[in-house]
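Along the sequence shown, residues carry numbers from 1. Keep in mind it's a predicted model, so treat the numbers as computed, not measured.
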Amino acid sequence: MKITHHIGLFILIFLLNTFFAEGQELKKYWVFFKDKGNSIQNTSTLNKGSSEYQSALTQLSDRAIKRRLKVLTNDQLIDAQDLPLNQTYINTIKRVGGLLQQEVRWMNAASFKLTQEEVRAVEQLPFVENVKPVSKFIRKDSVSVEATELQKTASASSYDYGPSQAQYEAVKIPEVHDLGIAGEGVMIGMLDTGFRWRAHESLQNTHVIAEHDFINNDDTTANQAGDPSAQDLHGTLTMSIVGSYMPGRVVGPAFNSDFILGKTEVALTETQIEEDYWAAGIEWMESYGVDVVSSSLGYDTFDGGGGYSWDHGDFNGRTAITTRAA
């Protein structure tokens with residue numbers, strides 16, 4: 001269905017929406033599209049000689065292609081899910097009044113801030129499959145960490161793990177390191193609250209390929225003005241478990257790996273959990289060709305009593321946005 005046939009309808013929607021939207025609360029919604037444009041479904045295969053195939057190819061690095069070749073055949077490497085979202089669709093919703101937040105091509109969806117009137121207008125657009133609210137999460141406990149002083153134990157390993165010796169021995173890390181394996185050639189993605197890696201004494205020499213703050217839409221994942229003091233704490237802790245290197249104190253299992261860092265989690269007491277940030281983050285990381293992603297985050301109980309539950313069968317791999325993206 002061609003967009004040009006509906007310009008009059010869109011203008012009318014926009015004018016009516018502008019009139020009624022004043023004073024209405026903006027909330028975040030997922031907008032799922034019917035196709036990628038030109039009736040190309042998100043599940044469609046792409047002809048290698050087509051312009052669509054070339055467009056999808058530009059979204060991926062050479063490393064990402066090589067990584068996919070480990071698990072996919074040549075004819076499965078790229079499909080319509082890799083195509084960017086149709087920008088005419090995006091711009092039309094902007095004209096209705098939507099404030100774009102994130103685009104996730106795998107989901108063929110984008111998140112927008114919309115009023116209720118704008119939601120009703122967007123739902124009527126011919127290329128929109130459905131509109132769903134982005135869930136909110138209530139954190140019932142404050143973010144706090146109690147330090148535990150561990151005792152250094154004797155080690156025959158070539159590395160001095162310090163107080164971390166016992167925990168690494170439990171999972172056979174010294175044996176792996178003694179084989180000369182410490183993450184060389186492996187790219188690891190970290191999705192978390194933020195990362196104080198430049199200032200942390202055990203992380204300052206970590207090889208970070210790229211980092212992005214999906215909350216503030218910039219390339220700084222450490223705390224910034226306006227962040228709570230503990231915002232980048234959890235991510236720094238998880239990163240140090242994986243990739244730290246400070247002999248005598250802590251030596252992470254994969255300290256020679258390359259890292260991609262994504263700040264996707266808001267760490268306030270009653271914070272909106274941005275599933276769209278997470279989905280956009282893992283899609284961004286895959287385009288770099290990451291081999292593995294670490295994300296010690298979980299989403300279930302949401303604001304207003306809603307959310308995901310075992311009783312409703314929501315943890316089935318097909319329901320939550322984050323699960324579907326993963």
> Of Asp62, Asp75, Asp82, Asp79, which meets salt bridge (Lys or Arg N to Asp or Glu O under 4.0 Å) against Arg68?
Replying inline: Asp82
Nearest non-hydrogen partners of [X] and [Y], listed with the distance:
X	Y	value
Arg196	Ala222	CA-CB, 4.3 Å
Ile282	Ala326	CD1-CA, 4.2 Å
Val251	Asp160	CG2-O, 3.7 Å
Leu191	Ser295	O-OG, 3.3 Å
Gly235	Thr193	N-OG1, 3.1 Å

>> If we check side-chain contact (heavy atoms from CB on, under 4.5 Å) with Leu83, which of these qualifies: Asp35, Leu46, Asn42?
In response: Leu46
> Which residue, Leu203, Leu237, Thr221, forms the side-chain contact (heavy atoms from CB on, under 4.5 Å) with Phe195?
Replying inline: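 One option only clears the test, and that one is Thr221.
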> Does any donor atom in the side chain of Tyr29 or Gln101 lie under 3.5 Å from an acceptor atom in the other side chain?
Replying inline: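 No pair is found: no donor N or O on one side chain lies under 3.5 Å from an acceptor on the other.
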> Would you say the side-chain atoms of Gln81 and Glu283 include a donor-acceptor pair closer than 3.5 Å?
Replying inline: no
>> With rounding to the nearest 0.5 angstrom, report the OG1 to CD1 distance, Thr264 to Ile215.
In response: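 Nearest 0.5 Å value for the OG1-CD1 distance: 6.5 Å.
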>> How long is the straight-line distance from CG of Asn223 back to CG of Asp232, given to the nearest 0.5 Å?
In response: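 Here the rounded value is 3.5 Å.
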Is the shortest side-chain N to carboxylate O distance from [X] to [Y] below 4.0 Å?
X	Y	answer
Asp218	Lys263	no
Arg120	Glu123	no
Asp258	Arg63	no

Applying the 4.5 Å side-chain criterion to the ILVMFWY set and letting contacts propagate, would [X] and [Y] be lumped into a single cluster?
X	Y	result
Tyr159	Val176	no
Ile241	Val186	no
Leu72	Tyr288	no
Val71	Ile65	yes
Val104	Ile78	no

>> Does the plane of the ring in Tyr89 sit parallel, tilted or perpendicular to the ring in Phe33? Use 30° and 60° as the thresholds.
In response: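 Correct class here is tilted.
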>> Determine whether a donor-acceptor pair (N or O, by modelled atom type, separation under 3.5 Å) exists between the side chain of Ser257 and the backbone of Gly183.
In response: yes
>> Under 6.0 Å between ring centres: does that hold for Phe259 and Trp197?
In response: no
>> As a test of understanding, state which of Phe255, Tyr168, Tyr245 forms a ring-ring contact (aromatic ring centres under 6.0 Å, His included) with Tyr161.
In response: Tyr168
